[in-house]
2 protein chains.
Amino acid sequence: MNLKQLSELLGLSQTTVSRALNGYPEVNEATRERVLRAVKETGYRPNKAAQRLATGKAGSIGLVMPTAPGHQSDVHFGEFLTGLGEEAVRHDFHFVIMPADPDDEVGALRRLAISGNVDALFVAYMRGHDPRLAMLKSLSMPFVVHGRSFGTEPDYPYLDIDNETAFYDAARLLLQLGHTRFALMNGPAHLDFAIRRRNGLIAALGERGLELSEDCTSHTVMTDEEGLIAMERFLQLAERPTAILCSSTVLALGAIRAVNQAGLKLGEDISLIAHDDVLPLLKPENFSVPLTTTRSSLRAAGVRIAQRLISTVKQAGPFPEQELWKTELIVRASTGPAPQS
Amino acid sequence: MNLKQLSELLGLSQTTVSRALNGYPEVNEATRERVLRAVKETGYRPNKAAQRLATGKAGSIGLVMPTAPGHQSDVHFGEFLTGLGEEAVRHDFHFVIMPADPDDEVGALRRLAISGNVDALFVAYMRGHDPRLAMLKSLSMPFVVHGRSFGTEPDYPYLDIDNETAFYDAARLLLQLGHTRFALMNGPAHLDFAIRRRNGLIAALGERGLELSEDCTSHTVMTDEEGLIAMERFLQLAERPTAILCSSTVLALGAIRAVNQAGLKLGEDISLIAHDDVLPLLKPENFSVPLTTTRSSLRAAGVRIAQRLISTVKQAGPFPEQELWKTELIVRASTGPAPQS
DNA sequence: TACATAATTGAAAGCGCTTTGGATGCCACT
DNA sequence: AGTGGCATCCAAAGCGCTTTCAATTATGTA
């Protein structure tokens with residue numbers, strides 16, 4: 001069943017039927033109802049490909065999903081996607097997901113954009129000096145970046161959390177508790193959020209004349225295994241750190257395993273603050289020792305970015321081009337005074 | 001830059017250029033090279049919408065993502081998607097994800113199919129007597145189901161794991177260890193896998209003249225909170241169960257918290273076997289007491305289903321229409337002899 | 001009554017691609 | 001010379017929709 005058939009069935013022109021369906025004012029209400037009823041009865045649905053070809057609009061948001069045989073799936077990605085979806089479903093938008101090798105992000109993004117399959121792009125996993133930004137700007141397709149790109153003029157639409165302040169504040173709390181030996185379990189070193197969080201920590205330490213040593217820094221993918229490995233390394237140092245900043249509750253999961261295995265007590269021997277993306281699976285309050293965290297909901301960010309993207313496509317109300325969300329510092333039981341040793 | 005412009009630039013017809021690009025044999029090799037070179041230089045990319053309208057093929061797989069404001073994101077979904085993606089990227093396929101309210105799965109699926117946006121459908125979260133099957137069959141669009149639909153003639157393409165045998169075997173192991181009081185922490189009661197796992201357990205118990213009481217059964221969404229709640233309930237029973245079968249490591253996470261909080265020892269006071277979807281975040285061997293599990297990789301299933309879907313669309317080699325994967329029963333430390341009390 | 005105006009509806013031209021059904025020229029073969 | 005076959009190439013017809021421009025009818029005004 002297509003427009004032509006439907007219009008013949010109704011004894012109307014394709015034009016009128018099309019107008020009736022798309023809510024144009026110049027069509028008689030009686031006819032519109034007749035059309036709508038026929039649509040119900042026949043189950044007619046416009047062909048999206050044709051619609052897109054005619055209008056240029058696709059009603060879809062494109063994103064690249066990094067994936068490869070060895071590449072571990074990322075809960076953060078899924079959580080964010082859920083947020084995007086929550087908003088998209090309200091506007092009858094869908095996603096086009098292009099799976100791509102993490103090494104070919106630029107290419108994948110370009111292919112997605114040029115394919116004509118999407119109206120707007122969403123970009124995540126931002127790096128320092130990210131090469132995708134130049135490409136995106138040259139593309140004349142709306143986009144919103146989740147995160148920012150360190151070292152690049154911030155003249156593009158983004159939504160980011162204030163990573164630097166988050167870890168600065170977290171470090172300050174631990175400093176006030178008397179800690180002086182810090183360690184950082186961070187995400188991959190080239191990613192923007194990792195750079196900023198590290199900077200935040202270093203700034204806070206610097207104010208007290210302290211430094212963050214290489215020994216006490218780990219940059220890894222954010223899995224619990226890597227958390228375990230990193231923490232084991234820290235615990236074997238002669239000058240064992242007592243204060244740990246951790247970029248994800250996923251890393252914390254492994255880190256805490258290591259702490260327990262070493263027979264140490266979290267919140268006493270070791271204080272730990274993790275960044276909490278509000279993953280439903282890893283609630284900080286559910287850890288055996290509830291976790292002190294810097295918190296910002298990944299899903300909420302997804303909803304917000306979808307809002308901005310969709311309203312841009314629909315040319316609706318103006319949204320701020322740049323948003324920087326504060327994180328919350330929530331104190332629970334994994335932080336305590338520095339041990340007297 | 002479109003086909004017309006490109007062909008004018010080359011002094012060729014659109015026909016020839018199109019054929020050159022799509023590998024048709026009736027074009028002079030010299031001309032083809034000329035075309036290919038021009039494509040490189042101009043950066044021309046065919047418009048997918050037009051291509052699709054003309055061919056009917058979209059190079060994409062459609063799936064419905066259940067989502068709603070209160071709806072918690074599901075790690076299982078993300079993990080499966082990663083598997084699909086891993087395979088799709090090899091064939092330059094992408095996904096069209098239609099977010100939809102969990103109550104409107106049928107409608108969302110139909111809309112997705114009729115939209116003309118996808119070549120094939122993937123369907124998950126199967127229920128008993130699932131109404132989507134009739135719809136899918138009437139659709140004349142290739143599809144593969146992950147799971148099956150209990151109570152329906154299995155005459156559709158599916159990939160499932162042998163849930164019944166998995167839990168039957170798991171229960172047998174616990175019976176051999178002397179357990180007689182069983183409990184089941186299952187997924188939502190209407191879902192196919194939940195029905196089958198329950199049946200497997202009941203069958204094993206039946207052979208020993210045992211029954212599964214309602215008190216000792218919980219059907220919930222598979223989050224760690226629900227696992228905690230269910231286990232707390234079980235532990236307060238007069239005749240406390242000593243053997244727990246658990247449909248997900250996510251549920252197990254909460255369940256084990258409850259066990260610990262009650263001051264009981266996993267593997268001694270309480271034996272637990274969980275089904276392990278091989279989620280990177282929840283490795284059974286990383287639990288404080290490593291978990292005995294029935295195992296089957298969700299991601300591998302995703303890869304396989306993508307293979308079948310894509311090869312069907314490309315009309316390539318024949319794949320079996322129906323696959324039933326065995327699960328592995330892997331014994332670790334969360335199971336032990338029934339306590340003598 | 002005549003004419004301007006508003007309210008409806010349609011015909012047809014695209015959107016950018018694939019593909020059918022010829023053309024055209026060149027060669028070998030009878 | 002005449003014919004069939006082959007290798008190349010092209011014109012034009014769709015695919016199913018939106019939208020411009022124009023036509024028709026109904027309504028109101030002078």
Fill in the blank from the handout: Winner on side-chain proximity to B:L3, out of C:dT18, D:dC10, C:dT9, is C:dT18
Problem - Which residue lies more 5' along DNA chain C, comparing A:L12 with B:T16 via nearest heavy atoms - result: A:L12
Practice task
Could you tell me the separation between the CD atom of A:Q51 and the P atom of D:dC17, rounded to a whole number of Å?
Solution key: 8 Å
Problem - Side-chain (A:R308) to main-chain (A:Y158) donor-acceptor, under 3.5 angstrom - result: yes
Fill in the blank from the handout: Heavy-atom closest pair (A:Y44 atom, A:L3 atom, distance to 0.1 Å) is CE1-N, 3.5 Å
Problem - Interatomic distance, A:N22 CG vs D:dT19 P [rounded to whole Å] - result: 7 Å
Exercise for the section: Measure the distance from CG on A:N47 to P on D:dG16 and round it to the nearest whole Å. Expected result: 7 Å
Problem - Spacing between B:K4 atom NZ and D:dC10 atom C1', to the nearest angstrom - result: 15 Å
Practice task
Scan B:T55 against the nucleic acid and name what it touches under 4.0 Å (heavy atoms): base, sugar-phosphate only, or nothing.
Solution key: sugar-phosphate
Completion exercise
Between NZ of A:K57 and C1' of D:dG16 the distance, given in whole Å, is 20 Å
Problem - Atom-to-atom span, CD of A:Q5 to P of D:dG16 - whole angstrom - result: 8 Å
Exercise for the section: Establish, with yes or no, whether the OP1 or OP2 oxygen of C:dT8 is under 4.0 angstrom from a side-chain nitrogen or oxygen of A:T31. Expected result: no
Problem - Exercise: do A:E79 and B:S73 side chains pair donor with acceptor under 3.5 Å - result: yes
Exercise for the section: Mark yes or no for a side-chain to base donor-acceptor pair under 3.5 Å between A:T15 and D:dT19, with no hydrogen or angle criteria applied. Expected result: yes
Practice task
Would you indicate which nucleotide in D:dC17, D:dT19, C:dT19 comes nearest to any side-chain atom of A:Y24?
Solution key: D:dT19
Practice task
When you get a sec, tell me which of D:dT20, D:dC17, D:dC10 is the closest nucleotide to the side chain of A:Q14?
Solution key: D:dC17
Exercise for the section: Would you mind telling me which of B:L136, B:V144, B:V64, B:D130 makes a side-chain contact (heavy atoms from CB on, under 4.5 Å) with B:V123? Expected result: B:L136
Problem - Length of the line joining A:L21:CG and D:dC17:P, which is rounded to integer Å - result: 9 Å
Practice task
Would you please confirm or rule out a distance under 4.0 Å between OP1 or OP2 of C:dT18 and any side-chain N or O of B:S18?
Solution key: yes
Completion exercise
Between CG of B:L6 and P of C:dC17 the distance, given in whole Å, is 9 Å
Handout entry: Contact under 4.0 Å: A:N2 side-chain N or O vs D:dG16 OP1/OP2
Key = yes
Practice task
Check every strand shown and say whether B:E26 touches a base, only sugar-phosphate, or nothing at a heavy-atom separation below 4.0 Å.
Solution key: base
Problem - Residue-phosphate contact under 4.0 Å: A:N28 side-chain N/O, C:dA7 OP1/OP2 - result: no
Exercise for the section: Report which part of the nucleic acid B:R19 touches: base, sugar-phosphate, or nothing (heavy-atom distance under 4.0 Å, all strands). Expected result: base
Handout entry: Worked check of side-chain contact (heavy atoms from CB on, under 4.5 Å) between B:L81 and B:M65
Key = CA-CA 10 Å; B:L81 190 60; B:M65 173 173 84; over 6 Å; no
